[in-house]
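Single-structure report; data block below.
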Amino acid sequence: MAFRIGVVTFPGSLDDFDAARAVEMAGGTAGPLFHASDDLKEVDAVVLPGGFSYGDYLRCGAIARFAPIMESIIVAAEHGFPVLGICNGFQVLCESHLLPGALTRNQGLHFLCRDQKLKIENTKTIWTSGFTEGQEIVIPLKNGEGSFQCDDETLDMLESQGRVIARYVDFDPNGSRNLIAGITNARGNVVGLMPHPEHAIESLTGPSEDGLIFFTSALQQLVGR
Amino acid sequence: MKLDTVANATANPDTPQPWVELGLKEDEYARIKSILGRRPTASELAMYSVMWSEHCSYKSSKVHLKQFGEKAPKSDALLVGIGENAGVVDIGQNYAVTFKVESHNHPSFVEPYQGAATGVGGIVRDILTMGARPIAVMDPLRFGLADAPDTRRVLPGIVAGVGGYGNCLGLPNIGGEIVFDETYAGNPLVNALCVGVMKHEDIKLAKAHGAGNLVVLFGAKTGGDGIGGVSVLASETFNEAKPTKRPSVQVGDPFAEKVLIECCLEIFKADLVVGIQDLGGAGLSCATSELASAGSGGMEIQLDKVPLRDPSLSPEEILMSESQERMCAIVEPSKVKQFLAICKKWDVTATVIGEVTSGERLHISFNGELIVDVPPRTVAHDGPVYNRPIEKPAYIAERQAVTINIPMPTSSTEVKAAILKLIAAPNIADKSWVTSQYDKYVQGNSVLAQPEDSGMIRIDAETNLGVAVSTDANARWSYLDPYEGVKLALAESMRNIATTGAKPLAVTNCLNFGSPEDPGVMWQFAETVRGLADACLELGLPVTGGNVSFYNQTGSVAILPTPVIGVLGVIQDVRKRTKMGFEKAGQDIYLIGAVDSNMSGSEWAYLHGEIGNHAPKSDLAMEARLVELLLEGQPIFESAHDVSNGGLAATLAESALKNNIGAKVELENVAVALFSETPGRVVVSINESSTNSIIALAGKYQIPVTKIGMTGGSELIINETHISLTELSKAHTETFPKLSG
Amino acid sequence: MATIVVEVMLKPEILDPQGQAVASALPRLGFNFAKAVRQGKRFEIEIDGEPTPAQIAQVEDAAHKLLSNPVIETYVIKVEK
Amino acid sequence: MATIVVEVMLKPEILDPQGQAVASALPRLGFNFAKAVRQGKRFEIEIDGEPTPAQIAQVEDAAHKLLSNPVIETYVIKVEK
Ligand SMILES: Nc1ncnc2c1ncn2[C@@H]1O[C@H](COP(=O)(O)OP(=O)(O)O)[C@@H](O)[C@H]1O
Ligand SMILES: [Mg+2]
């Protein structure tokens with residue numbers, strides 16, 4: 001039986017459909033989850049998709065973090081449940097304090113959509129195990145508030161523990177500290193990533209098919225659990 | 001203030017009314033009185049004034065636009081034609097596609113961010129109203145000179161507004177235009193196009209049928225946004241001397257609209273509406289009168305039930321408010337509970353504000369008192385019609401007498417300098433600084449987006465059916481000859497569709513002009529409509545809808561006549577689309593079509609302060625054959641890129657820079673070959689093994705095909721001129737960042 | 001050294017989606033104190049020494065031209081020590 | 001009726017590109033008074049009657065949980081009449 005990966009829809013989520021498609025294309029079954037219920041419906045992992053939850057008018061992810069579904073996800077994640085937050089999902093994870101730091105306004109002050117080269121730095125997380133260390137990939141980046149910021153202590157901790165999972169290469173799109181594009185929690189089950197792997201799953205509609213590996217990685221890791 | 005009821009209006013026939021301030025003409029006011037048999041109440045006056053404004057009533061353009069119906073080609077694809085919120089075409093496999101382009105010019109000058117944002121919001125609601133899921137947007141834009149101070153104010157705001165709203169809705173932006181010309185200073189054009197898709201059986205119409213059915217207003221609460229905006233803002237020349245006419249600005253809430261979209265789609269899926277209308281210009285005045293007018297009976301509205309953001313609004317203000325993100329639906333009583341439950345799920349405010357009646361009048365009451373009692377048709381559909389004076393402007397003859405005198409480069413140094421100058425010109429330069437502010441990936445179906453010749457969206461992931469859309473206008477040609485100019489714009493748009501491998505199917509348009517009270521402008525308009533109708537008939541493409549924007553002028557100076565033409569095409573298998581960039585080294589480059597030496601209206605002439613004398617003459621029969629050629633030849637094309645603004649020089653540079661693959665090209669009469677913008681041309685690259693096929697195609701369709709060179713290397717080489725791609729790219733990409741810096 | 005503060009708020013009649021988002025989030029978190037919320041911007045401008053009337057006039061000018069959009073916003077200038 | 005104001009600013013060590021953009025735009029417009037600019041948010045919360053200490057405590061709680069992100073921001077609460 002295929003593993004079920006839940007995709008959460010908050011009001012204002014945009015990439016939920018695409019994330020579900022990526023899960024299916026990777027060989028999993030996508031399970032829609034609605035923000036207003038705290039029922040995880042026995043999914044094996046969860047993706048928090050991109051978008052502008054609640055319009056992102058206050059701070060990105062700040063209001064979504066209090067949705068009933070997040071209460072369940074926070075508890076589960078603390079017990080090792082796999083969670084991938086993409087873009088707005090990453091912002092929600094930071095607001096939930098499942099991941100350290102915060103995502104702030106792009107240094108250029110504009111929304112930026114581009115094909116972005118990344119270097120995968122950590123292949124030990126549930127979501128990145130299918131990559132080789134140092135692998136360079138190209139997937140779309142699209143956000144207005146993607147600049148990863150934290151204090152020096154947190155940055156040292158992330159770097160010394162190898163918790164940066166991906167870094168921007170060749171071009172600094174937003175002024176993130178140490179060019180950080182994605183990080184993980186200590187346990188490696190929660191990953192936040194600013195660029196969008198779900199938009200790089202077929203070369204017809206994306207810049208590459210590199211993004212699919214995030215989803216196949218998780219499905220493979222679930223087998224081993 | 002005392003409520004001006006119908007009883008009061010009858011009892012006090014001589015109360016003075018501000019019909020002049022509301023933009024009505026004396027005869028129009030008289031006509032309202034004769035329709036009603038008394039003076040209108042304040043609320044009725046508000047409704048008539050907004051609905052009879054140029055923007056809502058098309059009073060100056062109607063007599064001309066009729067031609068789109070009269071000359072309409074027979075088309076089996078057309079499911080819903082002009083008149084509804086947007087036209088709908090059949091693209092096969094039981095899919096129906098709707099698309100439309102609309103202007104939001106004046107509001108975007110006053111408040112660029114919000115004006116542009118609400119422009120996108122408005123067109124998306126039009127598409128949604130048809131029952132469709134919106135799937136993409138495009139934004140044809142025009143600005144004053146790129147380095148003018150006001151452009152620096154207006155452009156970043158408009159771009160941020162288009163992006164801010166569209167990105168938040170989750171609609172990929174798949175194309176548009178950015179053109180600079182001094183006539184747009186003070187009159188930027190913000191046109192927004194939206195495409196939506198649905199199944200045939202899901203098409204919805206804006207009609208109020210069935211006595212006893214309920215009128216439900218849902219979405220955002222009503223505030224004081226844009227009150228008077230319709231009649232005052234959209235139909236009077238913006239004039240700084242009359243600051244009181246500065247309307248309050250509409251502010252968009254894209255999140256509210258995103259939720260409204262999801263809510264509507266769920267309501268449509270459950271089949272809960274009889275008719276539906278969005279609230280755009282003229283707000284509730286428009287929605288109620290149009291629904292009732294198009295329906296079978298009358299309507300009764302209790303205006304005090306409208307949920308207000310600002311409780312101090314008067315009834316006439318409620319009727320005129322242009323608060324965004326609102327919809328009005330006609331719902332059977334038995335389905336209202338379910339309707340309201342879905343709204344609740346999405347946290348969308350929904351209120352029953354009235355019902356459809358068996359009568360013939362639109363009755364609106366406020367706290368139990370009747371304030372509107374009108375025949376809805378007289379408000380919505382039977383507004384004034386003007387046959388405005390038309391006169392061919394004197395400049396036409398003056399222009400035609402001019403001889404063009406612009407430097408044409410000859411030596412290889414001159415050719416190089418000319419190419420670099422041209423591709424760095426704001427009208428030709430790389431637009432990524434703008435387009436990278438737009439999400440082109442969301443929804444995961446964008447097969448092509450800017451800077452490709454057309455945007456392309458996959459409709460069905462199983463069958464790979466897709467649609468392509470392109471928008472084009474060449475205002476300089478329209479200025480020289482509006483009849484030919486619009487035909488050329490249509491031909492270009494159609495060619496852009498076919499260049500990517502899709503078959504042109506239907507046309508939309510947004511006609512941006514100066515004041516209709518100027519007979520010269522009216523002539524430009526009349527010629528444009530005649531040209532477009534004739535061209536559509538000849539090409540067999542139906543016009544499915546459009547929009548007219550008048551009064552785009554500062555003082556006596558009108559903008560260049562700018563008919564923006566959108567063409568929608570269908571492609572059976574999106575995997576087979578052709579892209580604009582050279583794909584591989586060592587492939588043969590062919591120019592399809594022949595060049596001539598007319599430089600009028602070209603960018604090269606414009607860069608030397610010249611507009612020229614005669615626009616090119618369109619050859620639509622040839623353009624139609626070219627489309628056939630492109631479609632039949634599609635399997636052998638490794639790349640294909642249309643030749644338009646900037647001529648062959650721009651086309652070659654763009655194809656080379658796309659994938660960083662150079663080219664070596666041999667041209668005769670090099671300056672004309674590079675910079676002339678003769679229509680009807682496309683550059684393709686093919687494998688050598690396809691040589692016979694392309695020659696056969698040329699013969700079959702009687703279009704000249706010339707091998708001009710070969711792809712490869714890291715330079716663009718034209719005869720003896722060598723330009724490294726690095727240098728080319730620098731010139732092409734530096735312009736916009738510099739302008740913004 | 002002083003700080004001049006410019007507070008920019010949307011005019012009361014202008015829709016404030018940001019404030020609305022906060023207003024509707026608060027009760028979901030169990031906070032019921034707010035009747036309405038408006039969200040605006042706050043600029044803290046550091047200057048050398050005490051502000052002179054000429055400087056304040058300049059700030060006023062800048063607030064009007066750059067920091068606010070008079071079409072939809074109003075501003076207030078304050079000096080903090 | 002009173003207004004409780006919550007002012008939220010980025011912590012000094014956190015990059016503030018918006019404030020920086022203002023700081024570099026000012027001199028281009030001929031304004032040379034600013035040594036540095038920081039941009040933050042201002043929430044105006046309308047409440048019924050005079051604020052009670054319990055209400056202020058609630059606002060404090062909301063400011064901490066929702067209106068600011070303590071990882072990058074600080075806030076100040078003020079009561080205006
Ligand atoms: N405002 C805009 N929004 C989105 N795309 C744009 C915009 N302006 C230009 N583009 C895109 O840039 C590309 C080049 O523009 P243009 O030179 O006008 O194309 P064409 O010559 O085919 O008319 C096209 O893909 C067009 O859709
Ligand atoms: Mg083109």
Side-chain angles (χ1 to χ4, degrees), chain C residues 1-10 12 16 18-68 73-78 80, chain D residues 1-10 12 16 18-52 54-68 73-80:
Chain C
M1 213 190 68
T3 304
I4 305 182
V5 175
V6 181
E7 295 168 357
V8 178
M9 299 298 293
L10 285 167
D16 174 16
Q18 307 194 357
Q20 272 185 5
V22 172
S24 48
L26 285 170
R28 284 201 300 271
L29 304 188
F31 298 116
N32 295 307
F33 51 80
K35 267 187 57 193
V37 182
R38 305 280 293 172
Q39 181 175 334
K41 291 178 201 155
R42 177 182 163 87
F43 298 91
E44 294 185 356
I45 303 171
E46 230 177 83
I47 59 161
D48 272 328
E50 285 309 295
T52 62
Q55 255 174 340
I56 295 286
Q58 277 225 319
V59 174
E60 180 84 34
D61 199 13
H64 187 78
K65 280 196 189 138
L66 179 72
L67 302 177
S68 77
E73 292 169 330
T74 58
Y75 60 87
V76 176
I77 296 176
K78 293 175 181 170
E80 292 189 357
Chain D
M1 215 191 65
T3 304
I4 306 182
V5 175
V6 181
E7 294 168 357
V8 178
M9 298 299 291
L10 284 168
D16 174 17
Q18 305 192 46
Q20 277 179 2
V22 172
S24 52
L26 285 171
R28 281 203 300 273
L29 300 183
F31 298 117
N32 294 307
F33 52 79
K35 270 187 55 191
V37 182
R38 308 278 295 168
Q39 180 174 337
K41 292 176 196 154
R42 175 183 165 87
F43 299 93
E44 293 185 357
I45 304 170
E46 226 177 86
I47 60 162
D48 272 329
E50 285 309 295
T52 62
Q55 254 174 340
I56 296 286
Q58 276 224 320
V59 174
E60 180 83 34
D61 197 12
H64 185 78
K65 274 196 192 145
L66 180 70
L67 301 179
S68 77
E73 294 168 327
T74 57
Y75 61 87
V76 175
I77 296 176
K78 294 174 180 169
V79 179
E80 293 189 355

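Every value quoted in this text rests on a predicted model; they were computed, and no experiment measured them. The chains referred to below are lettered A, B, ... by the order of the sequence lines, with proteins before strands, and numbering in each begins at 1.
The structure places CD of C:E44 at 10.5 Å from CG of D:L10, a figure rounded to the nearest 0.5 Å. In this structure, CD in D:E73 is found 5.0 Å from NZ in D:K41, a value given to the nearest 0.5 Å.
Interface remark: of the candidates C:L67, C:D61, C:V22, C:D61 forms the most heavy-atom pairs closer than 4.5 Å to chain D. For the set C:R42, C:K35, C:M9, the count of heavy-atom pairs under 4.5 angstrom toward chain D peaks at C:R42. Put simply, of D:A62, D:A25, D:G30, the one with the most heavy-atom pairs under 4.5 Å next to chain C is D:A62.
The contact between D:N32 and chain C is made entirely by backbone atoms, counting heavy-atom distances below 4.5 Å. Contacts between D:I4 and chain C at a heavy-atom distance below 4.5 Å are absent for every atom of the residue. With a threshold of 4.5 angstrom between heavy atoms, C:I45 approaches chain D through its backbone and through its side chain. Only the side chain of D:L29 comes within less than 4.5 Å of a heavy atom of chain C; its backbone N, CA, C and O stay farther away.
Between C:K78 and D:E80 there is a salt bridge, with a side-chain nitrogen of the basic residue lying less than 4.0 Å from a carboxylate oxygen of the acidic one.
Of the options D:V8, D:T3, D:V5, a side chain to side chain contact (heavy atoms under 4.5 Å, CB included) to D:F43 is made by D:V8 and by none of the others.
Closest heavy-atom contact between C:A23 and C:P27: O-CD, 2.9 Å.
The stretch residues 51-59 of chain C places C:Q55, C:Q58, C:V59 near chain D, each with some heavy atom under 4.5 Å from a heavy atom of that chain.
Every pair tested for salt bridge (charged side-chain N to carboxylate O under 4.0 Å, His left out) that includes a residue from residues 22-33 of chain C fails, sequence neighbours excluded, so the list is empty.
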